[in-house]
Structures are given as structure tokens and as C-alpha cells.
Engineer: 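Would you mind keeping the following structure in view while I ask a few things?
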Protein chains: 2
Amino acid sequence: MNNVFKALADPHRRELLDLLYKENGQTLGDLCKCMSMSRQGVAKHLALLEVAQLVVVVWQGREKLHYLNPVPIQQIHDRWIGKFEGERLQALDTLRKALDDQNDA
Amino acid sequence: MNNVFKALADPHRRELLDLLYKENGQTLGDLCKCMSMSRQGVAKHLALLEVAQLVVVVWQGREKLHYLNPVPIQQIHDRWIGKFEGERLQALDTLRKALDDQNDA
DNA sequence: TCATTATGCAACCATATGGTTGCATGTCAA
DNA sequence: TTGACATGCAACCATATGGTTGCATAATGA
């Protein structure tokens with residue numbers, strides 16, 4: 001779970017996920033064409049995405065195909081975001097009251 | 001948006017959000033009691049959460065009350081996670097097929 | 001076979017990050 | 001007023017992070 005949050009923290013890595021979202025199963029070379037960074041730089045980012053299992057790779061000959069794995073994102077939603085979503089309106093209400101109190105004082 | 005992702009990347013900061021989820025409107029001192037870290041360490045983490053607007057502060061005399069703001073989390077869900085959710089089943093299917101092809105070869 | 005292509009591995013570097021300590025400031029209460 | 005309490009600010013340090021370069025390895029195709 002922590003690996004997923006950390007992997008999502010970098011904008012370049014989110015960009016890579018976007019690229020795979022647009023076209024799944026791209027090679028490292030494909031992805032490099034869209035990123036202004038050395039191949040090794042891109043490879044490092046992809047490695048972190050793999051560790052977080054946000055990306056799954058399939059070898060085909062000498063080519064490494066990268067596929068999006070939506071499961072970790074779903075888990076973050078279910079186990080983490082969902083929790084805050086449920087209490088969202090209440091939290092907003094508490095916050096408004098606190099700000100009102102501050103203005104009164 | 002990037003600030004939010006970055007703020008969520010650290011487990012201590014997610015812990016702070018959890019603490020505020022359990023009890024909203026805590027002071028820095030309150031939060032420090034639950035964290036095994038110096039007060040200044042906690043304050044630094046809270047500062048990042050404030051920048052990301054995940055936490056909103058209200059001054060009351062010499063006390064700084066911290067409140068959860070659920071809006072950024074909701075935005076991440078709507079603008080980012082929701083996108084991948086829609087194509088989730090398709091992405092999983094594509095992934096399975098790719099893995100099958102690999103096994104065949 | 002051999003040049004080319006796709007990728008991996010390792011060293012290296014600059015900067016960001018997460019933590020500490022020490023001291024300063026502002027508020028409360030006796 | 002004064003001491004105690006809640007917090008802020010700044011310097012400092014170790015390590016993590018994001019990037020590079022150079023070289024190694026493996027598959028493809030002429």
C-alpha cells in the first residue's frame with residue numbers, strides 16, 4: 001500500500017500511467033519517446049511502478065511490454081479514500097463551524 | 001494536485017489524517033502525543049498537509065486546531081482514480097490476455 | 001556471423017526529504 | 001508581571017530520490 005502511494009507521488013510516474021491508459025502494452029522504448037528523460041531514467045520510474053504492482057510486464061522476445069494493473073488503484077479507493085468519502089459531509093460541516101467560531105472570536 | 005499526491009506519500013502524514021479522522025480539530029500538542037517523533041517533526045508534516053489543503057487550521061488563542069478537509073481527497077477520486085475505475089475491467093482483461101500470450105509462447 | 005536494437009546494471013551526482021536541536025515569540029493564568 | 005505553555009523559525013545532518021553516463025547482455029534480421 002505504501003509503495004503505491006509513493007509510486008503515485010511523482011508526476012512523471014503518473015504521466016507513465018496516463019500513457020499506458022491511452023495505449024496499454026507499450027515497450028520501454030515506446031514510452032521513452034513521450035518522456036523528456038533518458039531511457040534509464042524512465043526505466044527507473046517504471047521499476048517503481050512495477051514494485052507497486054501498478055504496472056505488470058510481459059516479455060516478448062527482447063521487448064518488455066508494460067500493462068496497467070488497475071487493482072492497486074482500486075484498493076486505494078476502497079480501503080482508504082472510501083473511508084474519508086463516507087464522512088465527507090460531516091467533516092466539511094465540522095470545518096465550517098470551526099471557521100465560523102474563529103470569525104466570531 | 002501534485003501537492004496532494006506528495007503529501008499522501010508519507011505514512012506518517014497519512015497517520016496524521018487518520019488521527020484527525022478519529023477526532024477532528026486536534027492541536028499540534030494533541031497529535032504529538034500519538035506520534036513517536038519530535039514536536040517539530042510533526043509540525044513539518046502538518047505544514048505539508050496544510051499546503052496540500054488536506055488539513056485546515058483554526059487559531060484559538062495560542063492553540064492551533066487542525067481540521068480535516070476532505071475536498072482534495074474527493075478531487076483525487078473524481079479527477080484521477082475515477083478515470084482508471086471506468087476502464088478497470090477492460091484493463092484487467094487486456095492484462096490477462098497478455099499474460100496468456102506469454103504462457104503460450 | 002555480425003551489426004543493430006532493446007533492455008539491464010552500476011556508479012555517480014545534485015537536490016529533496018525527514019528528522020533533529022536550539023532558540024524566539026506569543027498567550028494564558030496566578 | 002512573570003512563569004509556564006503552545007507554537008514558530010532556522011540551522012543542521014543523514015539518507016532517499018531523481019537524474020545522468022558508461023558499459024554489459026540478449027534478441028533480431030540481413
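Quantities reported herein were computed from a predicted structural model and do not represent experimental measurements. In what follows, chains are A, B, ... by sequence order, proteins preceding strands, each numbered from 1. Any value given below was found using the heavy atoms of this structure, including those in side chains, with hydrogens, waters and symmetry copies removed.
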Engineer: What does nucleotides 15-24 of chain C look like as a protein-contact string, B for base, S for sugar-phosphate only, - for none, at under 4.0 angstrom between heavy atoms?
Structural biologist: --SSBBBB--

Engineer: Under 3.5 Å, side chain of His66(B) to main-chain N/O of Val57(B), donor-acceptor pair present?
Structural biologist: no

Engineer: When the distance from CG of Leu46(B) to P of dA6(D) is rounded to whole Å, what number comes out?
Structural biologist: 16 Å

Engineer: Main chain of Leu68(B), side chain of Asn24(B): is a donor-acceptor contact present, judged purely on distance under 3.5 Å?
Structural biologist: yes

Engineer: With Lys97(B) as reference, evaluate Asp93(B), Asp101(B), Asp100(B) under the salt bridge (charged side-chain N to carboxylate O under 4.0 Å, His left out) test and give the passing residue.
Structural biologist: Asp93(B)

Engineer: Give the B/S/- string for nucleotides 25-30 of chain D, one per nucleotide from 5' to 3', where a protein heavy atom under 4.0 Å of the base yields B, of only the sugar-phosphate yields S, and otherwise -.
Structural biologist: --BS--

Engineer: Taking everything shown except Gln53(B) itself, do over 12 heavy atoms lie less than 6.0 Å from its CD?
Structural biologist: no

Engineer: Distance-only check: which donor-acceptor pairs under 3.5 Å involve side-chain atoms of residues 79-89 of chain A, not counting sequence neighbours?
Structural biologist:
| residue | atom | partner | partner atom | Å |
| --- | --- | --- | --- | --- |
| Lys83(A) | NZ | Asp18(B) | OD1 | 2.7 |
| Glu85(A) | OE2 | His77(B) | ND1 | 2.7 |

Engineer: Taking the side chain from Asn69(B) and the backbone from Val56(B), do they hold a donor-acceptor pair closer than 3.5 Å?
Structural biologist: no

Engineer: Applying the side chain to side chain contact (heavy atoms under 4.5 Å, CB included) test to Arg13(B), which of Val42(B), Leu49(B), Leu54(B) qualifies?
Structural biologist: Leu49(B)

Engineer: Is a side-chain N or O of Glu15(B) found less than 3.5 angstrom from the main chain of Met35(B), in a donor-acceptor match?
Structural biologist: no

